[in-house]
Amino acid sequence: MEKSNDSSEYGFILVGFSDRPKLEMVLFIVNFTLYSVAVLGNSAIILVCILDSRLHTPMYFFLANLSFLDLCFSTSCVPQMLVNLWGPDKTISYAGCVVQLFSFLSVGGVECLLLAVMAYDRYAAVCKPLHYTVIMHPQLCLRLVAVAWGSGLVNAIVMSPLTMTLSRCGQRRVNHFLCEMPALIKMACVDARAVEMLAFTFAVLIVLLPLTLILVSYGYIAAAVLRIKSAAGRRKAFNTCSSHLTVVSLFYGSIIYMYMQPGNSSSQDQGKFLTLFYNLVTPMLNPLIYTLRNKEVKGALKKVLGRQQ
């Protein structure tokens, strides 16, 4: 029993790519750059959504929440990862690992559900334009965001303790660069199938169910767009939804590949690079996608920057 508690006393060793020092330096530079862009981009989105009164609408309320989630998502583990990539010390305390796992599970779950909420918002905007302001009233928007946060927290509250209390028989080396659930479960020296099945059940509820709602929403949106006779109207409807659809594809594609497979079906390196993708690349791309494709956000950014000058 003493050996199984070693990790709680001494923490964990995040192996990452320590067997490839040259790759570590490349990853440090790339990750630091991506993280800096993600922080600046998402902070700018939150700032303009607060300062510009024209963006005080449900769509931009949800977008500001998404940017905040992306900031939390990246910040929950990237700083620690950069420290480990930079030097020979690859350790993380037990408490640090718990916080990292809890943050990752909760924020990741919230983001899955928030993307479904945003899809419903786009459905209401395109399919029910005359009733949009009645349907998406402020109280409903707050409730939908609260449900997303509550569900993500429940996921983390249940899965974090179950994952961390698995017996590891003194094993402290995590074959990853962060305390992620699949890597921690694989370290267990006991039968972890029950925990894996519960994780899969939560993945169905938090990943697949919202994805189904997104696909149904976009099915109705596609049908409504096809009924629009003017090319300009169809283009406007498409532009309204294209940014969100791009973000959904990037985020859900990597998450599903990572979490909806049996425990040992993907290689360790595959898992590491996929985690990098949805933990860094997606949060970095989200502000760019919404800014480049959205005239209102571009205009608000110019207005805010002009005001500061």
Side-chain angles (χ1 to χ4, degrees), residues 1-20 23-24 27 31 73 76-78 80-81 83-85 89-109 112 152 155-208 251-280:
M1 186 69 183
E2 288 178 3
K3 283 188 177 182
S4 66
N5 290 330
D6 281 352
S7 57
S8 61
E9 185 178 349
Y10 302 109
F12 294 94
I13 299 167
L14 300 174
V15 175
F17 294 100
S18 55
D19 56 334
R20 283 170 271 182
L23 178 61
E24 280 195 318
L27 285 174
N31 291 349
F73 208 29
S76 66
C77 57
V78 173
Q80 176 71 49
M81 180 175 64
V83 169
N84 291 350
L85 287 171
D89 184 15
K90 311 296 181 187
T91 58
I92 182 172
S93 68
Y94 185 86
C97 191
V98 170
V99 170
Q100 200 175 74
L101 177 66
F102 186 90
S103 303
F104 211 68
L105 288 174
S106 58
V107 174
C112 289
N155 175 44
I157 289 168
V158 173
M159 292 309 305
S160 295
L162 289 175
T163 302
M164 295 304 297
T165 53
L166 283 171
S167 179
R168 296 179 179 86
C169 301
Q171 168 74 339
R172 295 174 55 221
R173 293 172 64 85
V174 183
N175 195 3
H176 216 303
F177 45 75
L178 56 87
C179 289
E180 194 179 38
M181 186 170 62
L184 291 169
I185 290 175
K186 285 178 183 177
M187 292 169 61
C189 60
V190 294
D191 188 355
R193 280 178 295 183
V195 176
E196 286 182 333
M197 284 306 299
L198 186 59
F200 184 83
T201 303
F202 268 105
V204 169
L205 294 173
I206 289 180
V207 179
L208 284 190
F251 183 77
Y252 268 100
S254 53
I255 288 284
I256 287 172
Y257 189 83
M258 184 77 184
Y259 283 97
M260 299 303 294
Q261 297 187 91
N264 296 311
S265 62
S266 61
S267 71
Q268 292 284 357
D269 280 358
Q270 251 186 346
K272 293 173 189 176
F273 282 113
L274 276 169
T275 303
L276 269 181
F277 185 83
Y278 67 73
N279 195 45
L280 261 177

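Scope of the values below: all heavy atoms of this structure, side chains included, with no hydrogens, waters or symmetry mates.
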Heavy-atom donor-acceptor pair, Tyr252 side chain to Leu208 backbone, under 3.5 Å: no
Main-chain N/O of Ser103 paired with Ser106 side-chain donor or acceptor, under 3.5 Å: yes
Euclidean distance, Gln171 CD relative to Lys186 NZ, rounded to 0.5 Å: 13.5 Å
Nearest-0.5 Å distance that lies between atom CZ in Phe12 and atom CG in Leu184: 6.0 Å
Residues Met81, Leu27; criterion side-chain contact (heavy atoms from CB on, under 4.5 Å); working and verdict: CA-CA 10 Å; Met81 180 175 64; Leu27 285 174; over 6 Å; no
Asn84 side chain to Phe177 backbone, donor-acceptor under 3.5 Å: no
Closest heavy-atom pair and its distance - Arg173, Val15: NH2-CG2, 3.7 Å
Distance in Å, Leu280 CG paired with Phe73 CZ, rounded so as to fall on 0.5 Å steps: 10.0 Å
Salt bridge (Lys or Arg N to Asp or Glu O under 4.0 Å) evaluation trace for Lys90 with Glu24: CA-CA 12 Å; Lys90 311 296 181 187; Glu24 280 195 318; 2.8 Å; yes
Interatomic spacing from CG in Leu162 to CE in Met181 - rounded to 0.5 Å: 10.0 Å
Distance SG-SG for Cys179, Cys97 less than 2.5 Å: yes
Leu14 and Thr91, any side-chain heavy atoms less than 4.5 Å apart: no
Side chain to side chain, Val174 and Ile13, heavy atoms closer than 4.5 Å: no
Heavy-atom side-chain contact between Phe102 and Ile157 under 4.5 Å: yes
Rounded distance [0.5 Å steps], CG in Leu105 versus OG1 in Thr163: 6.5 Å
For the student: nearest non-hydrogen atoms of Phe251 and Gly108, plus distance: CZ-O, 4.1 Å
Atom pair CD (Gln100) and CD (Gln80), whose distance is rounded to the nearest 0.5 Å: 6.0 Å
Any donor-acceptor N/O pair, Arg168 side chain to Met164 backbone, under 3.5 Å: yes
